[in-house]
Amino acid sequence: MEESNNYGHQHPLLLILNQEQLIDYQSGLTDCSRCGEKVSAPCFCCAEHCGFYLHKVCAEAPLELNHPFHPHHPLLLLQEPPSSYTRCVCNFCHKTCEKFIYHCSCKLDFHIKCDLFTFNVAENNLKELEHVALQHPLISTENGDEKLVGSYKERKNTGCAFALFRLFGFFPTKLKDAAKCFGCWEPLVKYTNFSPDCGFNLHEKCTKLPFKLNHVCHRKHPLALQFNSEQSSCKICGETRGKGLGFIYGCSPCKFAAHIECVSAALDLVVEDKRHEHPFSLFPRGSSFICDACGIEGSYASYICCTCNIMVHKRCTSVPRIIKSKWHDHRLFHKYFLYIEDFRVLNCIMCNDEVSTDHGSYYCSECDVIFHVKCAMEYKNSYEIVENEDEESPDVSSITKVLEWNDAGEATVIEHIMHIHHLTLSDRVGEYDKKCCDGCLLPISASFYYCTQCNFFLHKVCVELPKVKHVWYHHCQSPLVLTSNEVFECYACDYWSNAFAYKCEECKKRTCLRCIIALTPGAHTCVGHKHPVFLYTEYTGRCVACGLEFDGLLHCKDCDFFLDHKCFSLPITSQHKSD
């Protein structure tokens, strides 16, 4: 042990060079007073035994560090996070910072060990990893599909839980964070990686990245490895990931940024996919473009089909031509361009924003409905790809039999599976004493079917409902089946009813037609309000009827009117035991 300067401590400090000396000197496990981690040799300890310890690397950390991955500003060593922070998170390991940190005014923060470690990555000086065991990847990707590799014993011995959770989509938060590489924020098990015993989740390849490189998508300047402090979207794939964590390759003067994975991957010169009849060719650009497949801006790496005269992202070279969505009853077809005269309304049925006819979208050929590509495919489990165009969809199997047609092609007399008599089409609203539909219990204000032999009425839209229906908000994978003549409590609104319902054969829960209608995207007529209301699934606000706040509301575009689906679904009349 050697006596050294005190690094701001009131007592002299001793330098302990090996772990054996530390074990003899300390009475138990102690933490470093600067980084908060368990102390290990080499370290400094208080000669007066007051419990003060410092890792040697923490003690010698410079007060100011010019980091190669952040060349614009120096990183300053602070004793604690700035007082303006409610919580300080390290931009490398994503763990909370509580003691000394390296800080930049552009809100970049690091633990001492993380900042010095990444500095050594930049300097290609990683002696501390020379003796750390390597673990081999457990996930391989073939044709875009992930699968487990290696023997059962290998997977079991090297933490196969990460791969299993990743493969099947059930990823607890702690496990998900632990399974990411701190450099590229891709799954740790995807490539050969260092054992977590080293304190850093890192792919071996991410410790050997070149500091600068030239890339075909940005020929003007070389790209430099840097921290993703500005949470920039990748100019190659167009996505933003990592929440400002890890490394990216960037060109600061041109504001160009690209993920490590995207820079490392070889760009295919020609892409062929069975969903498009012609091949796509790589067309590097010096500026942005609007993808003709999805309508979203892309940059630099575009692919063109010279035959069709379209330009797309690489990921959109394989956009599905036909999908079956849980948001809609019919199949949706992808088109690169639409004709305005074919549609009454050019708003996306999900987000309710306008759809450009100059770029790609999904449309329903049966009911004049349009989706943005990003809205139709936003949630991976909300749609299925239809490979066979001629295959009949079981979800739209008819629940009616048409007996008579009029000259306009409307079914005027029908048989309905939920009623014993024939039903007749009428638009004479108000001529009958019955004011509401027997299917959904909502008021009749448009065309309807009625029974000439008994007091039974159905909206035209309720008659046209499919027998089997997928819905986006139900947790079971099984579709729902139309039922009637049962008293039930609605799964979505908790109200009791004896009208029509959709029943899940898996969990046996039922959803009333009022909620099915309210939670279906598109325009809805609301009793007592002069404008149509639209479902906004991600909007948070207060319902004007009950005064409660909800995530997901029906909203009027023309005025400040909001309803939650329960209040929208309330019956027009109600009975009370005291009246």
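Just so it is clear, the model here is predicted, and its values are computed rather than measured. Only heavy atoms go into these numbers, but all of them, side chains included; no hydrogens, no water, no symmetry mates. Along the sequence shown, residues carry numbers from 1.
- Within the 4.5 Å cutoff, side-chain heavy atoms of Tyr85 are placed close to those of Asp109.
- Under a cut-off of 6.0 angstrom, the local environment of CG in Asp494 is crowded, with over 12 non-hydrogen atoms contributed by other residues, nucleotides or ligands.
- Aromatic ring centres of His459 and Phe448: separated by at least 6.0 Å.
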As a quick check of understanding, evaluate side-chain contact (heavy atoms from CB on, under 4.5 Å) for Phe283 and Met311, giving each step before the final call. CA-CA 9 Å; Phe283 183 67; Met311 182 178 296; 3.9 Å; yes
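- Looking at Glu415 and His422, their side chains come closer than 4.5 Å, going by heavy atoms from C-beta outward.
- Considering Phe457, Tyr449, Phe456 in turn, Phe456 is the only one that fulfils the ring pair (Phe, Tyr, Trp, His ring centres under 6.0 Å) rule with His419.
- Checked against the 6.0 Å centroid threshold, His470 and Tyr502 do not count as a close aromatic pair.
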Please assess Leu553 against Tyr536 for the test side-chain contact (heavy atoms from CB on, under 4.5 Å), listing each intermediate value before the final yes or no. CA-CA 6 Å; Leu553 289 163; Tyr536 288 83; 5.9 Å; no
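- When every heavy atom of Leu458 is checked against every heavy atom of Gly439, the shortest pair comes out as CD2-N, 3.4 Å.
- Not counting sequence neighbours, the partners of Glu464 by the side-chain contact (heavy atoms from CB on, under 4.5 Å) test are Lys460.
- Taken to the nearest 0.5 Å, the SG atom of Cys546 stands 4.0 Å off from the CZ atom of Phe550.
- A donor-acceptor pair is defined here as one N or O able to donate and one able to accept, closer than 3.5 Å; no such pair exists between the side chain of His372 and the backbone of Gly360.
- When all heavy atoms of His524 and Leu554 are compared, the closest pair comes out as CD2-CD2, 3.6 Å.
- Closest approach of His328 and Leu332 over heavy atoms only: CD2-CD2, 3.8 Å.
- Between His359 and Ile290 there is a side-chain heavy-atom pair separated by less than 4.5 Å.
- Rounding to the nearest 0.5 Å places CD1 of Ile370 at 11.0 Å from OH of Tyr363.
- Taking a cutoff of 4.0 Å between a charged side-chain nitrogen and a carboxylate oxygen, Glu489 and Lys509 do not qualify as a salt bridge.
- Closest heavy-atom contact between Met377 and Pro320: CE-CD, 3.5 Å.
- In this structure, CZ in Arg510 is found 13.0 Å from CD1 in Ile516, a value given to the nearest 0.5 Å.
- Residue Cys440 comes nearest to Cys437 through the heavy atom pair N-SG, 3.6 Å, listed as atom of the first residue, atom of the second, then distance.
- Side-chain rings of Phe562 and Tyr539 approach one another, their centers coming within less than 6.0 Å.
- Checked by atom type and distance alone, the side chain of Thr412 pairs as donor or acceptor with a backbone atom of Glu404 at under 3.5 Å.
- Within a 6.0 Å sphere centred on CG of Asn406, other residues, nucleotides and ligands contribute more than 12 heavy atoms.
- Taking the six-membered ring where the residue is Trp, His334 and Tyr362 present perpendicular rings, their angle passing 60° and hence far from 30°.
- Side chains of Val481 and Glu505 form a contact here, defined as non-hydrogen atoms less than 4.5 Å apart.
- Proximity of Tyr303 to Arg315: side-chain heavy atoms (C-beta onward) are nowhere separated by under 4.5 Å.
- Within 6.0 Å of NZ in Lys508 there are more than 12 heavy atoms belonging to other residues, nucleotides or ligands.
- In terms of modelled atom types and a separation under 3.5 Å, the side chain of Asn352 and the main chain of Leu535 share a donor-acceptor contact.
- For His531 and Phe561, the ring centers sit 6.0 Å or farther from each other.
- In this structure, Cys184 SG and Asn228 CG are separated by 12.0 Å, a value rounded to the nearest 0.5 Å.
- Within the 4.5 Å cutoff, no side-chain heavy atoms of Phe337 are placed close to those of Thr357.
- Trp327 contributes no side-chain N or O that, together with a main-chain N or O of Cys375, makes up a donor-acceptor pair within less than 3.5 Å.
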Working for side chain to side chain donor-acceptor pair (under 3.5 Å), residues Thr96 and Arg87: CA-CA 7 Å; Thr96 303; Arg87 180 173 177 248; 3.0 Å; yes
Taking it one step at a time, do Leu513 and Leu482 satisfy side-chain contact (heavy atoms from CB on, under 4.5 Å)? CA-CA 9 Å; Leu513 252 58; Leu482 188 66; 4.0 Å; yes
side-chain contact (heavy atoms from CB on, under 4.5 Å) evaluation trace for Leu441 with Ser497: CA-CA 9 Å; Leu441 301 183; Ser497 175; 4.0 Å; yes
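- Looking at Val89 and Lys95, their side chains never come closer than 4.5 Å, going by heavy atoms from C-beta outward.
- In this structure the side chain of Thr483 never reaches within 4.5 angstrom of the side chain of Phe500, judged on heavy atoms.
- Here the CG-SG distance, from Asp292 to Cys308, works out to 10.5 Å after rounding to the nearest 0.5 Å.
- In this structure, the separation between NZ on Lys566 and OH on Tyr495 is 6.5 Å, given to the nearest 0.5 Å.
- Nearest heavy atom pair, residue Asp438 against residue Asn455, reads OD2-O, 3.7 Å.
- Residue pairs meeting the side-chain hydrogen bond (donor to acceptor under 3.5 Å, both in side chains) criterion with at least one partner in residues 540-560, sequence neighbours excluded, are Thr540-Asp551.
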